[in-house]
Visitor: 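Structure below; questions to follow.
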Amino acid sequence: MKRENDFGPAIKDFFFRAGDFKGVSSRPQFWWLFLAQVLYGFVAGVLLGIANPVYSLNTHSFGNSLVTTLATLAFSVFAYLGYPQLSLTLRRYRDAKVSPWWYLVLVVVGLVGPILAVSGLSWWLALLLPLLAGLVNLVILVLPSRKQEVTPFPVQPGTRGTLGVSFGTGVKDFFLRGGDFTGTSSRSQYWWSILFAVLVIFPTFIFMLFSIVAMIVGSAVMKGMTPENINSFVSSLGVGAMIIVLLILAIFYAWSMLALPALTVGWRRFKDAGVSPWWLVAFTVVSGFLSTIDRDNGNMVLSLISLLLLIVQIVILALPTKFHDDEA
């Protein structure tokens, strides 16, 4: 895909090429996205600042629930940016003729500092190593583009879904078109992708749950379960506790890698079934709003409505591919 260096095209390219880990992205493409995320973060922060006082009133009103829902949705957007941000960063490295593997090295260096500090070395390492890694990363990201042979991104806008794909092909398409809101995705492409996401999320969730429970139970058995004793127990674990914390953070990061691809494959599946994908947005917003109200009031009717909306979505996602007359 042609590299676009203006603000709008850079944002469009950011999402469409979310699954492109072999191409390049110029300095303007990277820093336009940085600016866009800063601006969005400012807007989301303002919305949160408005929502906090409203929520603290604890009035359980319609306005309270609406503001809370909007603030939650606004911040949930950041969970969808992890996957395209990773691919953009790696393309920027490659554009500067720096091996993308150096990004992994810098991440590891940044994490080594806290681990060494917990193991008994000076705490200044916990600050120095991440700072050095961050500075090196910044220098690489501001390097100019360098001429090189570029691997073209194989996905084209408006790609139609493929019927009867295998599990491996469905998962590959899931990530390759991870930011593609154009085109369609067949039932097999969608449900293989969902199966893959479940296979990733379920065992990692169990691991995370047992790790946290084991630490709490260990504290309770040894000294009694109080905040002070739990903190003392975690501190006594030293490097082990830090590694567990890093693993839990890595699990959340891995989950964020699935967020945008899951959204886009659902969007394309709605289109493939002949249903406007904006209904997916409507279902999400309304379900979130009803959940907020139900959490405050415990209304059984609202819970049933939320369940009904979920069933409707599943039915749509299970519909066969709808070919138009000019596509048959």
Side-chain angles (χ1 to χ4, degrees), residues 1 3-5 10-38 40-41 77-118 125-155 171-172 174-180 200 204 242-243 245-262 264:
M1 177 177 286
R3 291 187 296 171
E4 300 288 354
N5 294 325
I11 294 178
K12 181 179 178 180
D13 182 80
F14 171 72
F15 285 105
F16 184 77
R17 286 206 294 157
D20 183 9
F21 289 85
K22 296 182 178 180
V24 296
S25 288
S26 64
R27 272 190 305 187
Q29 285 179 309
F30 182 89
W31 291 106
W32 276 131
L33 260 298
F34 178 81
L35 174 62
Q37 292 180 39
V38 169
Y40 182 81
V77 169
F78 289 106
Y80 294 92
L81 302 181
Y83 184 62
Q85 183 61 49
L86 175 61
S87 62
L88 174 65
T89 301
L90 298 185
R91 293 197 304 269
R92 179 77 271 271
Y93 268 57
R94 188 176 287 107
D95 182 63
K97 274 201 169 180
V98 177
S99 173
W101 288 105
W102 280 107
Y103 181 69
L104 176 61
V105 171
L106 293 176
V107 171
V108 172
V109 169
L111 296 177
V112 165
I115 294 177
L116 292 178
V118 172
L125 287 174
L127 299 176
L128 180 61
L129 291 182
L131 178 61
L132 289 176
L135 289 175
V136 173
N137 180 57
L138 178 61
V139 169
I140 295 173
L141 293 175
V142 298
L143 289 175
S145 300
R146 299 182 180 179
K147 291 184 179 180
Q148 58 187 293
E149 184 177 346
V150 179
T151 302
F153 187 45
V155 176
V171 172
K172 180 181 179 180
F174 175 68
F175 285 107
L176 194 61
R177 301 172 66 193
D180 179 17
V200 170
T204 53
M242 179 59 68
I243 291 177
V245 170
L246 292 178
L247 285 176
I248 292 175
L249 292 176
I251 288 173
F252 279 113
Y253 184 72
W255 290 353
S256 75
M257 295 294 101
L258 302 175
L260 183 63
T264 55

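Below, each value reflects all heavy atoms present in this structure, side chains not excepted, and no hydrogens, waters or symmetry copies. Sequence positions, counted from 1, serve as the residue numbers for this chain. Just so it is clear, the model here is predicted, and its values are computed rather than measured.
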Visitor: Would you give the length of the straight line joining atom CZ of F15 to atom OG1 of T264, rounded to the nearest 0.5 angstrom?
Guide: 10.5 Å
Visitor: When rounded to the nearest 0.5 angstrom, what distance separates CD1 in I140 from OG in S99?
Guide: 9.5 Å
Visitor: Tell me, please, which residues at least two apart from D180 pass side-chain hydrogen bond (donor to acceptor under 3.5 Å, both in side chains).
Guide: R177, T182
Visitor: F252: what forms a ring pair (Phe, Tyr, Trp, His ring centres under 6.0 Å) with it, not counting sequence neighbours?
Guide: W255
Visitor: Can you list everything that forms a side-chain contact (heavy atoms from CB on, under 4.5 Å) with R27? Sequence neighbours excluded, please.
Guide: W31, R92, P144
Visitor: Go through the structure and list residues passing side-chain contact (heavy atoms from CB on, under 4.5 Å) with A36, not counting sequence neighbours.
Guide: F7, I11
Visitor: For G178 and L260, which heavy atoms make the closest approach, and how far apart are they?
Guide: O-CG, 3.2 Å
Visitor: What do you reckon, is OH of Y253 surrounded by more than 12 foreign heavy atoms closer than 6.0 Å?
Guide: yes
Visitor: Sequence neighbours excluded, which residues qualify as side-chain contact (heavy atoms from CB on, under 4.5 Å) partners of K12?
Guide: none
Visitor: With sequence neighbours left out, which residue pairs that include part of residues 141-154 fulfil the salt bridge (charged side-chain N to carboxylate O under 4.0 Å, His left out) condition?
Guide: none
Visitor: Which atom pair, heavy atoms only, marks the closest approach of G23 to V150?
Guide: CA-CG1, 4.4 Å
Visitor: Side-chain atoms of residues 78-88: list all donor-acceptor pairs with protein atoms under 3.5 Å, sequence neighbours left out, distances to 0.1 Å.
Guide:
{"residue": "Y83", "atom": "OH", "partner": "F175", "partner atom": "O", "Å": "2.7"}
{"residue": "Q85", "atom": "OE1", "partner": "Q37", "partner atom": "NE2", "Å": "2.6"}
{"residue": "Q85", "atom": "NE2", "partner": "T89", "partner atom": "OG1", "Å": "3.3"}
{"residue": "S87", "atom": "OG", "partner": "A18", "partner atom": "O", "Å": "2.9"}
{"residue": "S87", "atom": "OG", "partner": "P84", "partner atom": "O", "Å": "3.0"}
{"residue": "S87", "atom": "OG", "partner": "R91", "partner atom": "NH1", "Å": "3.3"}

Visitor: In Å and rounded to the nearest 0.5 Å, what is the CD1 to OG1 distance from I248 to T204?
Guide: 11.0 Å
Visitor: Return the set of residues passing side-chain contact (heavy atoms from CB on, under 4.5 Å) with V77 (not counting sequence neighbours), or none when no residue passes.
Guide: Y40
Visitor: Please step through side chain to side chain contact (heavy atoms under 4.5 Å, CB included) for the pair F30 and V142, ending with a clear verdict.
Guide: CA-CA 9 Å; F30 182 89; V142 298; over 6 Å; no
Visitor: When rounded to the nearest 0.5 angstrom, what distance separates CH2 in W101 from CZ in R94?
Guide: 10.5 Å
Visitor: Given the rule in the side chain to side chain contact (heavy atoms under 4.5 Å, CB included) test, do F16 and V155 qualify, once you have shown the distances and angles that lead to the verdict?
Guide: CA-CA 9 Å; F16 184 77; V155 176; 3.8 Å; yes
Visitor: How would you list, by chain and number, every residue that makes a ring pair (Phe, Tyr, Trp, His ring centres under 6.0 Å) with Y103, sequence neighbours excluded?
Guide: Y93
Visitor: For residues P130 and G110, report the shortest heavy-atom separation together with the two atoms involved.
Guide: CG-O, 3.2 Å
Visitor: State, to 0.1 Å, how close V24 and R17 come at their nearest heavy-atom pair, and which atoms those are.
Guide: O-NH2, 2.9 Å
Visitor: Using distance alone, with no hydrogens and no angle criterion, decide if D95 and S145 have a side-chain donor and acceptor under 3.5 Å apart.
Guide: yes
Visitor: Let me confirm one number: the CG-CG distance from L111 to L106, rounded to the nearest 0.5 Å.
Guide: 11.0 Å
